[in-house]
*Asks:* 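Okay, here's the structure, questions in a sec.
Each chain gets a letter, A, B and so on, in the order its sequence line appears, and its residues count up from 1. All figures in this text were calculated on a predicted structure; none of them were measured in a lab.
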Amino acid sequence: MKLRSPSSILALAAAAVLATAACGTSGPGTGDTVTVWGLQDTALNPVQQKAIKAYNAKGDHPEVRLQTFVNDPYKQKLQTALGSPNAPDVFSNWGGGNLRTYVKAGNVVDLSPMLKSDPSLKKAFLPIVLNGARLDGKYYGLPLQGMQPVSLYFNKDVFAKAGIAKPPATWDDLLGAIDKLKAKNVQPIALAGSQSWTELMWMEYLLDRVGGPEAFAAIEKGEPGAWQAPAVKTALNMIVDLVKRGAFGTNYGSVGQDNGAADALLSHGKAAMELMGSWEYSAQLAAAPKFVNGGKLGWTAFPTVPGGKGDAANIVGNPSNFFSVTTKSKKKQAAQDFIKTSLTDPAYVNDLVKIGQVPPLTGVKAKLQAAPHADFTTYIYDLVAKAPSFQQSWDQALDPATSEKMLTNLQKVFNRQQTPEQFVAAMAG
Amino acid sequence: MAAVADRSARPGAIWAAPALVYFAVFALLPMALVVYLSFTRWNGLGSPHWTGLANWSYLLRDPQVIQSLKLSGILTAVTWAFQTAVSLPLGVWAAGPQRGRAVLSAVFFTPLLISSSGIAVLWKALLDPNFGLATIFGPWVGVDDGNFIGRPSLALWTIMAVISWQFIPFHTLLYQSATRQIPSVLYEAATVDGAGRFQQFRAITLPQLRHTIITSSVLMIVGSLTYFEVVLIITGGGPGAATRILPLDMYLTGFSAFQMGYASVLSVLLLAVGTALSLLIVRVTGYRRMTSQREGL
């Protein structure tokens with residue numbers, strides 16, 4: 001989800017450069033350094049650099065160096081570099097299906113022995129997040145940054161004007177709120193329909209609420225008939241119902257997320273709600289500080305669906321990003337030592353909290369309460385800590401080919417170019 | 001003219017070597033690799049697996065490729081016709097000596113200074129239906145909610161308009177400079193003979209621009225088979241697959257779905273279509289004969 005968001009121009013430019021860079025000079029691996037590949041992130045990178053500097057200062061181990069890349073080209077570069085002699089020692093990834101491809105190709109070191117030898121390390125992380133990098137019972141990565149579950153955000157002023165006393169807790173509440181908002185001529189829900197991963201969030205939550213986590217688990221495993229399950233069709237029909245009701249207005253297909261257009265609808269009061277990852281808070285804080293600091297931005301868990309099989313506390317989104325060690329690395333021990341030491345270092349965790357992240361660590365709540373924006377960060381922490389299931393974004397969990405096909409077909413359902421039955425047929429075929 | 005030229009005056013074949021090596025390494029070799037990859041299954045990790053004709057037989061069953069070809073065909077035909085119809089008269093007009101025309105031409109040519117990605121990001125912002133210009137000019141053209149790129153039936157037309165906006169200045173420039181090359185004696189003679197402006201345009205300007213029309217058309221038609229960044233940034237091929245033209249289909253198959261083998265099939269297809277089209281144009285129009293338009297002048 002979020003990993004698609006950095007601007008596509010940079011992605012394009014970088015892709016062109018990468019085509020040549022991948023063949024030659026960028027090769028780490030040799031010499032007395034541990035090369036770490038990460039994603040470009042203006043808030044996170046300085047925190048990482050600081051932690052690495054502190055780690056290097058402690059001496060007596062190879063020097064650690066961080067290289068960062070823009071999101072989309074990073075995936076392309078990683079895919080080609082991992083199997084080559086130019087592989088980094090440590091690389092950032094999204095866990096799940098994305099990591100599975102690399103594990104299958106034998107490119108990733110199993111970290112289970114390290115976790116077994118150090119029980120306090122394993123206990124330091126919230127299990128539900130650590131499991132994001134757990135494949136077939138083995139751990140292949142450690143969470144490197146904050147958790148990003150998806151929640152329903154809303155504009156409190158707009159709710160008040162439409163006479164909506166409390167945020168929708170059930171599906172019927174949501175439908176009722178939509179009717180009230182439409183009567184006031186406000187678009188009920190902001191949706192960036194030109195970027196289908198924003199539409200996917202609705203599908204992820206609805207399938208979980210209707211069919212429980214096992215419905216997608218079957219799809220992820222590639223079980224025959226998984227896409228044809230009745231829950232998939234029910235969830236898609238609920239989406240079609242929302243579209244028909246005008247819940248997203250009429251022109252959502254032209255709205256973008258990367259350029260902040262959907263977020264602006266919410267902060268300007270042109271729309272009342274938006275389903276988005278936890279980065280919505282910092283995005284709104286940067287783009288519309290008055291809106292957030294004035295206490296007008298509200299948030300709540302996704303509504304329950306009557307008769308659904310999924311637990312109301314289940315969540316979807318990005319558990320975290322993970323640092324994994326490559327099998328091609330000549331410094332495997334040093335690389336493991338680095339991620340083990342630096343990711344749970346109190347100074348690093350404090351810095352993460354300072355930039356508004358919610359680290360997936362047990363017992364971080366006290367730190368969150370003492371930091372700014374505690375009402376939001378503790379909400380996120382509790383949401384994840386209490387969740388029985390944290391489903392990773394489908395576009396990360398599924399293999400790239402299926403994911404690409406699914407996003408295109410889902411967009412067709414939202415645009416009513418395709419019926420739920422046609423979606424199922426396309427995905428099952 | 002001497003029947004046989006002095007051979008020693010000709011440059012040796014060795015002079016062509018740098019260009020030939022460059023062409024071999026950066027054009028022929030990648031093409032050969034793409035043809036090889038088209039017979040394999042490869043996701044970028046590890047080594048490609050030889051799968052024989054599997055990718056090629058999937059090409060015949062792939063419903064998307066037919067739609068993509070159709071979209072590319074429409075895009076090529078419409079943008080070619082529209083751009084030519086606008087840039088030819090505009091170029092001829094801009095070729096005039098008046099000062100005002102020079103100033104206006106300079107304004108017209110500004111899109112040439114912006115990179116494709118810049119143009120795409122700019123238009124994406126303009127086309128935002130809630131905060132962009134689309135809210136204003138949408139109602140003028142009957143799109144009340146400004147939903148230009150979100151409506152499947154409208155998205156391709158919007159893309160074609162942006163592409164035309166981007167490239168018309170370049171082709172206008174071609175026509176402007178070509179028009180300025182036309183000897184003024186032709187017009188003077190025609191004026192003496194009593195020909196009006198439109199007659200002069202039809203009997204002198206158009207025939208004299210023949211080679212330029214062909215060059216500009218080849219550039220547009222072959223070009224429309226390769227440009228995709230504008231589409232990628234503005235619609236990403238959507239809504240659904242409504243603007244998923246063939247080059248974009250190839251890119252998404254290769255770098256989003258990581259099916260490098262099948263993406264290579266698509267790029268071989270593009271290569272073949274592009275080569276065939278330019279050969280066809282050159283042959284049909286007699287461009288190859290390189291006959292002079294100015295004999296006797």
*Asks:* Supply the atom-to-atom distance Glu404(A) CD to Phe255(B) CZ, rounded to the nearest 0.5 angstrom.
*Replies:*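 Reported to 0.5 Å precision, the distance equals 13.0 Å.
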*Asks:* Relative to chain A, which segment of Asn43(B) carries a heavy atom at a distance below 4.5 Å: side chain, backbone, both, or neither?
*Replies:* both
*Asks:* Which atom names give the shortest non-hydrogen contact between Ser194(A) and Lys124(B), and what distance separates them?
*Replies:* OG-NZ, 3.0 Å
*Asks:* Out of Ala261(A), Ser196(A), Gly256(A), which one racks up the most heavy-atom pairs below 4.5 Å with chain B?
*Replies:* Ala261(A)
*Asks:* Under a 4.5 Å cutoff for heavy-atom pairs, which residue among Pro63(B), Gly236(B), Ala120(B), Pro152(B) has the most contacts with chain A?
*Replies:* Pro152(B)
*Asks:* With a 4.5 Å cut-off on heavy-atom pairs, point out which of Leu82(A), Asn259(A), Leu265(A) contacts chain B the most.
*Replies:*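 Top option by heavy-atom pairs under 4.5 Å: Leu265(A).
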*Asks:* Of all the heavy-atom pairs spanning Gln411(A) and Gly238(B), show the shortest one and how long it is.
*Replies:* OE1-CA, 3.8 Å
*Asks:* What part of Tyr102(A) gets within 4.5 angstrom of chain B, counting heavy atoms only: side chain, backbone, both, or neither?
*Replies:* both
*Asks:* Say you draw a straight line from NZ of Lys405(A) to CG of Leu252(B); how long is it, rounded to the nearest 0.5 Å?
*Replies:*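 If I round to the nearest 0.5 Å, the distance is 15.0 Å.
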*Asks:* Which heavy atom of Gly240(B) sits nearest to which heavy atom of Lys412(A), and what is that distance?
*Replies:* CA-CG, 3.5 Å
*Asks:* If you count the non-hydrogen atoms of other residues, nucleotides and ligands that lie under 6.0 Å from CZ in Phe109(B), is the total more than 12?
*Replies:*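 Count over threshold, so yes.
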*Asks:* Once you round to the nearest 0.5 Å, how far does CZ of Phe258(B) lie from OG1 of Thr80(A)?
*Replies:* 8.0 Å
*Asks:* Take atom CH2 of Trp56(B) as the centre, draw a 6.0 Å sphere, and report whether it contains more than 12 heavy atoms from other residues, nucleotides or ligands.
*Replies:* yes
*Asks:* Is the shortest side-chain heavy-atom distance between Pro400(A) and Gln259(B) below 4.5 Å?
*Replies:* no
*Asks:* Based on non-hydrogen pairs under 4.5 Å, which of Ala242(B), Pro239(B), Ala155(B), Ser116(B) is most in contact with chain A?
*Replies:*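 The candidate making the most pairs under 4.5 Å is Pro239(B).
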*Asks:* Between Ser254(A) and Asn147(B), what is the shortest heavy-atom contact and its length?
*Replies:*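 Scanning both residues, the minimum pair turns out to be OG-OD1, 2.7 Å.
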*Asks:* Using a 4.5 Å heavy-atom cutoff, which residues in residues 129-143 of chain B come close to chain A?
*Replies:*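 Counting heavy atoms that sit under 4.5 Å from chain A, the residues of residues 129-143 of chain B involved are Pro129(B), Asn130(B), Phe131(B).
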*Asks:* May I ask you to name which of Ala105(A), Gly193(A), Ala264(A), Gly249(A) has the most heavy-atom pairs under 4.5 Å with chain B?
*Replies:* Ala264(A)
*Asks:* Does any heavy atom of chain B fall under 4.5 Å from the side chain of Gln79(A), the backbone, both, or neither of them?
*Replies:* both
*Asks:* Of the backbone (N, CA, C, O) and the side chain (C-beta and beyond), which part of Asn409(A) lies under 4.5 Å from a heavy atom of chain B, both, or neither?
*Replies:*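 Neither part, no heavy atoms under 4.5 Å.
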*Asks:* Between Gly150(B) and Asn415(A), which heavy-atom pair has the shortest distance, and what is it?
*Replies:* O-OD1, 4.1 Å
